[in-house]
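Data first, discussion second: the structure below is written as structure tokens.
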Amino acid sequence: MADVANPLSIVSDLLAPVFADIAGRPDADPVVRPSDRADAQVNGALPLAKQMGTNPREVAQRVVDSGVLADVCSEVEIAGPGFINLTFTDTFLAAQLQSVALDDRLGCPPASTPRTVVVDYSAPNVAKEMHVGHLRSTVIGDALVRLHEFAGHRVIRENHIGDWGRPFGMLIEHLLDLGEDVAAEGLGQGDLDGFYKAANAKFNESTEFQERARDRVVLLQARDPETIEIWQRLVDMSNTYFQGVYSRLGVLLTDDDLAGESGYQPLMEGAYERLGKAGLLEENDGAQVVFAPGFTNRDNEPLPLIVRSSAGAFMYATSDLACVLDRIERLHADLLLYVIGAPQAQHLQMVFTVAEMAGWLRPPAEAVHIAFGSVLGDDRKMLRSRSGDSVKLSDLLDEAVERAAAAVAEKNPELDADTRAEVARTIGIGAVKYADLSNDRIKDYVFDWDRMLAFEGNTAPYLQYAHARICSIFRRAGADRIDLHGLAIVLGQPQERELAKRLLAYPTVVAETLAAYAPHKLCTYLFELAQDFSTFYEHCQVMQADEPVRSSRLALCDVTARTLEQGLGLLGIDAPEAM
RNA sequence: GCCCCAGUAGCUCAGUGGAUAGAGCAUCGGUUUCCUAAACCGUGUGUCGUAGGUUCGAUUCCUACCUGGGGCGCCA
């Protein structure tokens, strides 16, 4: 899937037959890479010469002598032990960028083989507060959903909420004790932790309450209609709260995406039976387990995946296995993404392995754990509030918007109140999301208000500001954006060239971001793009320039703005036209 | 004890087997009759955790070790 516009891909395609000819085999890679010494460098002559036992510079010379780069390069130079440094012609870059400008997808090709992708993310617990752990899953999952949809895949969002299990006996009884109206008030206002803690405290203090709670769990599991009705109300109240948070966060999750634990209860018996038929079940200390090779416990003995406890209950592993079956057989998914914290790695690997052993999960279908690290405070420990509790996600978002509002009020007092409030929301929420997405997801990251909300450095506000500045130019020029798409591009100044090269790299970056499920790659790119634009903006006057440079620069601005907006959009971040 | 992840500039972080390892922040200095100065320009900054190995070439791949974090059967 070569990028249509990226000069590096084009050069690679041009050189591939030359390398194949010299090597005498079809798969010799030219190894074309970006270079800080030229526009690109070709490294493939070195390994090829090694294989052939000849001089790398001679191989490089043969590549250069082929002349296939004459149309696109103004300079082709052999350097060092056998590198080939390339300088593209301005007209080549300009022509490529002009074709990108006419493309709504900015050069990104749709996936050649669309897949059905299930993204499992967010997963808060009913009657429990959403906290920063849910932030990571929700924000990363949302970005992956948007990226895969953009690439042309069929995406199914699944919010695997915790709406089933032992705690629900006590939660239902507590709800009944409070009276539904009182409970609804507390839960509706988002005091989920208060509700849960009160129920838990009662459970620890009162044996009478414990008995009621246990009885209630039995009723719940028996699907007693009255109990189910109360349970459903509890779930609904929490969902209302979750949807409020999702709405403020600006993620795509809706009620339609709910796929709670409870939904998999009826499927577990079937999954369990099929494990038995596949001959995978073994009894171990009274429990039914599957031994997956390669997993050991602390005594270095085989570690079982317990699918039915000695008491006869199904486990979360059973639920996860039923879930794999459901996604593959009912939804016909061939890519299962689990956006779940890194500590779950072993559990998920065991589930995946067992699903493979059972023959449910097999190529081309694959399951991938999209693991992520923790959010840390400035003490480098898990982020906690002053009271030592986990930080409520809603409090976090409140503070983000408040801080952004203060900044906007200070920096641009001319904005009217409504616009200012909307801009503050966009900047505050964008800053929180970008701070999360811009770090390699597998690593922990330090949560720092001042840094994420700064208008300098690798932050959402800096990118949003760059976009807003461009939009300001269009307003001043009275330009209709659509008219800019076909304008001829001429590249004279070095800052224009750098910007053009950066813009042409966008499709490659999007592809790499998807391939590694790594949103931070796109973030890094967008930051570099914004920097290149700022440099261009300082050095190259747009409005005052004579034609055809003025039109060309307007077109450069237009493609830059569209790339920033689309790129941020793929991350779930809005780009205001003024701020 | 076993397994997983991380370790790169004072701080926060990028880095695709390629040449001299890069950004941002912070420091210091400069730029505004000019499209948003929320910006830009300049300025130093390194035992890429340690030691081996593979390779023409290793921050990148492999092995061992060190440090930090996490996980390791009937909760989810």
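In what follows, every chain begins at residue 1, and chains take the letters A, B, ... in the order their sequences are listed. None of the values given here were measured: they were computed from a predicted structure.
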Next item on the list: Scan every strand shown for a Watson-Crick or G-U wobble partner of B:U43, both distances under 3.5 Å, and answer none if you come up empty.
Entry: none
Next item on the list: Assert yes or no for the condition that the ring centre distance of A:F352 to A:Y338 is strictly below 6.0 Å.
Entry: yes
Next item on the list: Take A:F527 and A:F314, find for each the nucleotide of RNA chain B with the closest heavy atom, and name the residue whose nucleotide sits nearer the 5' end.
Entry: A:F527
Margin query: I want to verify a distance call: between B:A76, B:U16, B:G70, whose nearest atom is closest to the A:P343 side chain?
Written below: B:G70
Next item on the list: Sort out the partner of B:U20 for me: Watson-Crick or G-U wobble, both distances under 3.5 Å, none otherwise.
Entry: none
Check: Pick the nucleotide of RNA chain B nearest each of A:A530 and A:V32; which residue has the one closer to the 5' end?
Finding: A:V32
Margin query: Taking any heavy-atom pair under 4.0 Å as a contact, classify A:D285: base, sugar-phosphate, or nothing.
Written below: base
Checklist line | Under 3.5 Å donor-acceptor pair, A:R33 side-chain atoms to B:U16 base atoms | finding: yes
Next item on the list: Describe the nucleic acid contact of A:A371 in one word from base, sugar-phosphate, nothing, applying a heavy-atom distance below 4.0 Å.
Entry: nothing
Next item on the list: Look at the side chain of A:H467 and the backbone N and O of A:E565, then say whether any donor-acceptor pair between them is shorter than 3.5 Å.
Entry: no
Next item on the list: Determine which nucleotide pairs with B:G1, using a 3.5 Å limit on both distances of a Watson-Crick or G-U wobble pair.
Entry: B:C72
Next item on the list: May I ask which nucleotide in the shown strands pairs with B:A38, Watson-Crick or G-U wobble, both distances under 3.5 Å?
Entry: none
Note to self: Both distances below 3.5 Å, Watson-Crick or wobble geometry, any strand: find the nucleotide opposite B:A6.
What the structure shows: B:U67
Check: Between A:T318 and A:R308, is any pair of side-chain heavy atoms under 4.5 Å apart?
Finding: no
Notebook entry, point to check: With both distances under 3.5 angstrom, what nucleotide forms a Watson-Crick or G-U wobble pair with B:C48?
Noted result: none
Check: For nucleotides 54-64 of chain B, read 5' to 3', which letter fits each nucleotide if B means a protein heavy atom sits under 4.0 Å from the base, S means only the sugar-phosphate is that close, and - means neither?
Finding: --B--------
Next item on the list: Look at all strands and tell whether A:S310 reaches a base, only sugar-phosphate, or nothing, counting heavy atoms closer than 4.0 Å.
Entry: base
Next item on the list: Using a heavy-atom cut-off of under 4.0 Å over every strand shown, decide if A:A345 touches base, sugar-phosphate, or nothing.
Entry: nothing
Next item on the list: Compute the centroid of each ring, for A:F533 and then for A:F536, and state whether the two points are separated by less than 6.0 Å.
Entry: yes
Next item on the list: State whether the side chain of A:T459 and the backbone N or O of A:F455 hold a donor-acceptor pair below 3.5 Å, judged by distance alone.
Entry: no
Item checked: Strand partner of B:U59, provided both Watson-Crick or wobble distances fall under 3.5 Å -> none
Next item on the list: For nucleotides 33-39 of chain B, just jot down a letter per nucleotide in 5' to 3' order: B, S or -, based on protein non-hydrogen atoms under 4.0 Å.
Entry: -BBBSBS
Check: Once you round it to whole Å, what is the distance between C1' of B:G68 and NZ of A:K443?
Finding: 14 Å
Notebook entry, point to check: Is the ring centre of A:Y121 less than 6.0 Å from the ring centre of A:H160?
Noted result: no
Next item on the list: Quick one: label A:H347 by what it contacts on the DNA or RNA (base, sugar-phosphate, nothing), any heavy atom closer than 4.0 Å.
Entry: nothing
